[in-house]
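Working notes, structure below.
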Amino acid sequence: MGMLDWFRSIVKGEDKSIAHSPATAGGSEDKGAEVAGLNFKTAVDAHMKWKVRLESYISGTSTEQLKVEVVSRDDQCPLGKWIYDHGGEKFGYSETFFDMKAHHANFHRCAGAVLAAAQAGDTTAATKLLQGGDYVKASERVKMLLARLFIIASDGKEAIDSHLKWKARLRDYITGASKEDLQVENVSRDDACPLGYWLSGIGGERFGATPAYEVLKARHAHFHRCAGDVLAVAQRGERDKALQMLEHGAYPDASHQVASAVVGLFEGRKKSAA
């Protein structure tokens, strides 16, 4: 499982354990999770390991000298320090970031309550707090919001890359090099491809209020109509004409306009944040 797919599975609630995290041979995957001074995979792993740390403390097998007043604070762990430093600088526009910040603070209050019960000698109560209720809800919420923030931080790169591959997909279909079952009614839709999903989902959350977002949406919809026209010509058996349409006229112009709008979207965000 790739890094982005792993984060998506967390957002969808499909990954309940860090044991399913992507392979990190040579550290390349870990490096790919670094954004704005935070390794998001390491942050998720470290966050989920709080349960193991607290379980060990409750059972008396831990050598850590944990203090309730420290564990209860949300600015003492690596993630918390990032939230109050580079995280706020990079993602201050995002509701997801502020939700994550609030739930992270709540998580630490819950962890502090677990530790307080353990230090009071009530291991039964501490274990109950750790295994259910507010602690578990807060922990899962932080993990999900971290994953969602990483996807936002990726700036829709995978979706944009998929848009750039349309020309090759159509050419391969026209020449017979591909056995992909393309349908005009599907290709003509702007909401059935990765970039379309991104625009209506996380991309919309980040950029939805900007004029540049509306420009990209309109150009993306026009591009898919043009792609559908190329495919329709190919399916009528007019192979040479379809190949010519890929190189000249409405299709390449529409594709270029989408690429230009994508640049405008991200550049506009950078300027507004400056």
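Between Glu238 and Arg236 there is a salt bridge, since at least one side-chain N of the basic residue sits less than 4.0 Å from a carboxylate O of the acidic one. We find that Arg148 and Glu205 are joined by a salt bridge, their nearest charged nitrogen and carboxylate oxygen being less than 4.0 Å apart. A salt bridge links Glu140 to Lys143: one of the charged nitrogens lies within less than 4.0 Å of a carboxylate oxygen. Residues Asp45 and Lys41 are paired through a salt bridge, judged by an N-O separation under 4.0 Å between the basic side chain and the carboxylate. Checked for salt-bridge contact, Lys167 and Glu247 meet the test: a charged N lies under 4.0 Å from a carboxylate O.
Here the side chain of Ser139 pairs no donor or acceptor atom with the backbone of Tyr135 at under 3.5 angstrom.
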Query raised in the report: After noting the C-alpha distance and the side-chain angles of Lys67 and Ser72, does the key distance pass the side chain to side chain contact (heavy atoms under 4.5 Å, CB included) rule?
Result: CA-CA 8 Å; Lys67 297 180 179 180; Ser72 298; over 6 Å; no

Report task. Decide yes or no on side chain to side chain contact (heavy atoms under 4.5 Å, CB included) for Val230 and Val187, but give the supporting numbers first. Result -> CA-CA 10 Å; Val230 173; Val187 172; over 6 Å; no

Report task. Give the C-alpha distance, both sets of side-chain angles, the deciding distance and a yes or no for side chain to side chain contact (heavy atoms under 4.5 Å, CB included) between Leu199 and Asp190. Result -> CA-CA 10 Å; Leu199 285 169; Asp190 66 324; over 6 Å; no

Report task. Output, in order, the C-alpha distance, side-chain angles, deciding distance and verdict of salt bridge (charged side-chain N to carboxylate O under 4.0 Å, His left out) for Asp85 and Lys81. Result -> CA-CA 6 Å; Asp85 189 8; Lys81 292 176 180 177; over 6 Å; no

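Using a 4.5 Å cut-off on side-chain heavy atoms (C-beta onward), Ile174 and Leu246 make contact. Counting only heavy atoms from C-beta outward, the side chains of Thr175 and Leu243 approach each other to under 4.5 Å. Considering only heavy atoms from C-beta on, Cys77 comes within 4.5 Å of His108 through its side chain. Proximity of Val136 to Lys51: side-chain heavy atoms (C-beta onward) are nowhere separated by under 4.5 Å.
Aromatic ring orientation, His224 versus His220: perpendicular (interplanar angle above 60°, classes split at 30° and 60°). Aromatic ring pairs are classed by plane angle as parallel below 30°, tilted from 30° to 60° and perpendicular above 60°; the pair Phe107 and Trp50 is perpendicular. Note on ring orientation: taking the six-membered ring where Trp is involved, the planes of Trp82 and Phe97 are perpendicular (angle over 60°, cut-offs 30° and 60°). Ring pair Phe223/His163 is perpendicular by interplanar angle, where above 60° counts as perpendicular and below 30° as parallel.
For Gln244, the CD atom sits in a loose shell: 12 or fewer heavy atoms of surrounding residues, nucleotides or ligands are nearer than 6.0 Å. Atom CG of Asp134 is surrounded by 12 or fewer heavy atoms from other residues, nucleotides or ligands within 6.0 Å.
Here the shortest heavy-atom pairing between Leu182 and Leu231 reads CB-CD2, 3.8 Å.
In the model, Tyr57 has no side-chain atom that pairs as donor or acceptor with a side-chain atom of Gln65 under 3.5 Å.
The distance between the ring centers of Phe150 and Phe40 falls below 6.0 angstrom.
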